[in-house]
Amino acid sequence: MKKTVGVGITGGIASYKIADLVSRLSKDEDINVIVIMTEAATKFITPLTFRTLSGRDVATDLWQESGEWKVQHIGIAEALDLMVIAPATANFIAKMAHGIADDLLSTIMLANTAPVLVVPSMNTNMYENPIVQANLTKLAEYGFEIMNPASGKLACDAVGKGRLPDIEEIYEKIRQMLNDKKDLKGKKVLVNAGTTCEDIDPIRFICNRSTGKMGYAIAREALLRGAEVILVSGRSTLTPPTGVEFIPVWSADEMCEVMLQKQPECDIIIGAAAVGDFKAANKSEIKIKKREHKEDKLLLELTSTPDILKELGKRKKTGQIMVGFAAETNNLLEYARRKLEEKNLDFIVANDVSEEGAGFGSDTNIVTIIDRRGEVKPLPQMSKERVAAAIIDKAVELF
Ligand code: C5P
């Protein structure tokens with residue numbers, strides 16, 4: 001079912017950045033966005049921008065006639081699953097803290113019963129003013145969620161706290177607050193992702209085509225479902241989801257060491273990393289020069305890297321759930337079942353990477369989930385986010 005998010009924009013310079021937030025939210029198929037602006041906000045950016053981005057009229061005036069709602073401020077408040085105030089000015093924070101309802105947005109705030117996210121953004125001295133801080137404390141006591149502003153150079157040329165946090169961070173917070181399925185609350189999830197890299201010399205290394213998309217999507221889904229998440233990532237250009245404990249690593253040995261160290265404290269371990277199977281037997285400390293190799297040939301001796309999941313499988317505690325991936329190009333189910341046994345996994349996510357719409361770099365995946373009881377569940381082509389949700393559903397089912 002679609003969720004309705006109210007985006008209340010108040011009159012700070014950062015209000016222009018909210019166009020990106022509304023655009024991002026409107027692209028999500030499961031979200032309706034209602035934009036409400038204070039009069040001061042309309043001086044910074046026009047309602048037309050938000051009407052175009054959200055696909056619906058922007059509410060700005062308490063006295064405006066509305067065909068959609070019988071009583072506008074009550075109708076909007078009742079439709080909301082979440083209210084976001086961004087940017088929240090010192091004035092609007094004060095009005096919310098004291099129950100002042102003298103315009104449309106502040107009146108909606110009094111009629112609203114949905115959770116509220118407040119994103120303050122203002123000059124550092126204003127933000128640090130004890131009156132503003134006391135008002136924010138009051139809002140937190142009323143149950144409002146308050147985001148910390150970022151630090152940096154502000155529009156007024158001051159340097160300090162008060163910048164609007166990154167839109168992506170606000171977006172993630174909204175998604176977390178909308179997610180009411182908190183079935184991993186109290187659980188700790190360890191996920192690895194991306195490609196490991198093996199140095200040949202100080203310049204060159206061996207890696208593979210993994211981008212980390214699948215593993216990062218799993219980490220994000222686990223976080224949304226209420227888990228504490230540790231993401232151990234090999235090389236990837238992706239931004240880790242806000243809120244995970246992020247541990248970047250380079251080689252398979254390094255990844256193995258971190259995973260073994262973190263294993264005892266975790267309830268679910270998901271190996272989505274494309275761990276390289278081989279590394280250079282003798283890494284050169286200096287650059288290998290092509291002139292020194294006769295007949296245009298260089299023979300590179302390789303040796304095995306540790307099988308991380310297999311090592312973790314040997315040390316698996318009772319009740320711990322372990323999940324692996326099998327990326328294959330042939331004999332998919334047979335190889336996947338063998339890996340499930342060898343690595344002591346509870347289930348394995350098998351995918352044929354040669355299929356269109358599956359595997360490395362793709363935004364979608366086509367997987368089959370095979371568990372220890374022999375249950376084989378093929379899933380249709382889905383976004384990596386939905387595959388991540390299916391993997392977490394399966395782990396929860398096994399608990
Ligand atoms: O044996 P194979 O590499 O095909 O198994 C894939 C699964 O095992 C993946 O979940 C991958 O993260 C994990 N793996 C590992 N250490 C390796 C190789 C693979 O943990 N050295």
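First listed ligand is number 1; within each ligand, the first listed atom is number 1. Nothing fancy with the numbering, it's 1 onward along the sequence. Atom set for the values below is all heavy atoms of this structure, side chains included, hydrogens, waters and symmetry mates excluded.
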Tell me which donor-acceptor pairs under 3.5 Å the side chains of residues 216-226 have, and how far apart each pair is, sequence neighbours excluded?
{"unit_1": "Y216", "atom_1": "OH", "unit_2": "S233", "atom_2": "OG", "d": "2.8"}
{"unit_1": "R220", "atom_1": "NE", "unit_2": "E172", "atom_2": "OE1", "d": "3.0"}
{"unit_1": "R220", "atom_1": "NE", "unit_2": "E172", "atom_2": "OE2", "d": "2.7"}
{"unit_1": "E221", "atom_1": "OE2", "unit_2": "R225", "atom_2": "NH1", "d": "2.8"}
{"unit_1": "R225", "atom_1": "NE", "unit_2": "D183", "atom_2": "OD1", "d": "2.8"}
{"unit_1": "R225", "atom_1": "NH1", "unit_2": "D393", "atom_2": "OD1", "d": "3.2"}
{"unit_1": "R225", "atom_1": "NH2", "unit_2": "D183", "atom_2": "OD2", "d": "3.1"}
{"unit_1": "R225", "atom_1": "NH2", "unit_2": "D393", "atom_2": "OD1", "d": "2.6"}

Nearest non-hydrogen partners of [X] and [Y], listed with the distance:
X	Y	answer
F44	S15	CB-OG, 3.2 Å
I45	M37	O-CE, 3.2 Å
A390	M382	CB-CE, 4.3 Å

Under a 4.0 Å heavy-atom cut-off, what residues line ligand 1?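 Lining ligand 1 at under 4.0 Å, by heavy atoms, one finds G271, A273, V275, D277, T305, P306, D307, I308, L309, G324, F325, K339, K343.
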N-O pairing of D28 and R175 below 4.0 Å: yes
Salt bridge flag under 4.0 Å for residues K339 and E334: no
